[in-house]
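Keep in mind that what you see is a predicted model, and the values were worked out from it rather than measured.
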Amino acid sequence: MNPEQQRIAIAKACGWESRLTLVSGCSKPIPLWFGPEGGNRAHPPDFLNDLNAMHEAEQVLEKNQEQSYFELLHDIAGNLNFYRATAAQRAEAFLRTLQLWKP
């Protein structure tokens, strides 16, 4: 998966959705991302570079998915303590846990 595909897949798994929206000053609708708690933005959060965004994403994992997530994160991050895993490593483990990862 390329980085944009990863961002979109994580965003959708977290309840974000993209909708064409008319914005004042624009003649055509533009795609905006609407978050699960309201608000909108031009792009989904930068899950691959922002640990805070990935921390929020991790909150959607169910209790029965957490063990699998941490095992995958350990495999992806190597021998690193999973607390030191990068946002990109966490994103991959997250997508693999939810079986959304595509080679």
Side-chain angles (χ1 to χ4, degrees):
M1 298 178 81
N2 69 38
E4 187 63 16
Q5 291 169 324
Q6 291 177 52
R7 287 177 66 196
I8 290 170
I10 295 170
K12 287 180 178 180
C14 293
W16 287 82
E17 62 180 67
S18 178
R19 288 184 250 155
L20 287 176
T21 308
L22 273 175
V23 177
S24 63
C26 294
S27 60
K28 294 191 261 183
I30 61 169
L32 286 180
W33 284 88
F34 291 84
E37 296 173 7
N40 62 62
R41 56 193 318 171
H43 302 283
D46 189 6
F47 298 106
L48 278 65
N49 296 299
D50 184 346
L51 283 169
N52 290 324
M54 272 315 301
H55 176 70
E56 290 297 317
E58 291 166 346
Q59 303 307 306
V60 306
L61 294 173
E62 308 231 348
K63 287 285 183 202
N64 63 338
Q65 295 171 319
E66 290 177 356
Q67 182 67 34
S68 176
Y69 171 74
F70 287 117
E71 288 172 2
L72 286 164
L73 185 56
H74 182 268
D75 291 345
I76 291 165
N79 290 329
L80 289 175
N81 181 323
F82 69 86
Y83 290 111
R84 294 179 184 249
T86 66
Q89 290 168 328
R90 290 170 179 271
E92 182 178 342
F94 180 88
L95 290 168
R96 288 182 184 276
T97 298
L98 297 178
Q99 298 178 348
L100 298 172
W101 181 263
K102 296 176 185 160

### Message
Could you report the tightest heavy-atom contact between W33 and P44, atom names first, then the distance?
### Response
NE1-CD, 3.3 Å
### Task
Apply side-chain contact (heavy atoms from CB on, under 4.5 Å) to the pair L61 and T97, showing each step before the final yes or no.
CA-CA 9 Å; L61 294 173; T97 298; 4.1 Å; yes
### Query
Does F34 belong to the same Ile/Leu/Val/Met/Phe/Trp/Tyr cluster as L20, with side-chain heavy atoms less than 4.5 Å apart forming each link?
no
### Summary
On a heavy-atom basis, the closest approach of F47 and A11 is CE1-N, 3.6 Å
### Query
Roughly how far, to the nearest 0.5 Å, is CG of L72 from CZ of R96?
7.5 Å
## Note on the structure
Closest heavy-atom pair, M1 versus A9, reported as atoms and distance to 0.1 Å, is CE-CB, 4.0 Å
### Query
Do the side chains of L73 and W101 join up, straight or via other hydrophobic residues, at under 4.5 Å, putting them in one cluster?
yes
### Task
Answer yes if M54 and F70 sit in the same cluster of Ile, Leu, Val, Met, Phe, Trp and Tyr residues linked by side chain heavy atoms under 4.5 Å apart, and no otherwise.
yes
#### Entry: For A91 against Q6, the heavy-atom pair lying closest together
CB-OE1, 4.5 Å
### Query
Roughly how far apart are T86 OG1 and L51 CG, rounded to 0.5 Å?
7.5 Å
#### Entry: Euclidean distance, H43 NE2 relative to E4 CD, rounded to 0.5 Å
7.5 Å
### Query
So, do P29 and T21 sit near enough that their side-chain heavy atoms are less than 4.5 Å apart?
no
### Verify same cluster id: L95, V60 (apolar side-chain graph, 4.5 Å)
yes
### Message
Are the side chains of W16 and R41 in contact, using a 4.5 Å heavy-atom criterion?
### Response
yes
### Message
Nearest 0.5 angstrom please: L48 CG to E92 CD, how far?
### Response
9.5 Å
### Query
Do E58 and R90 have side-chain heavy atoms sitting under 4.5 Å apart?
yes
### Task
Could you walk me through whether I10 and L98 pass the side-chain contact (heavy atoms from CB on, under 4.5 Å) test, one step at a time?
CA-CA 9 Å; I10 295 170; L98 297 178; over 6 Å; no
### Message
Pair L100, K12 - check side-chain contact (heavy atoms from CB on, under 4.5 Å), show working.
### Response
CA-CA 11 Å; L100 298 172; K12 287 180 178 180; over 6 Å; no
### Exceeds 12 heavy-atom contacts within 6.0 angstrom, atom CD of E37
no
### Task
Kindly indicate whether the side chain of L32, heavy atoms from C-beta on, has any atom under 4.5 Å from the side chain of R19.
no
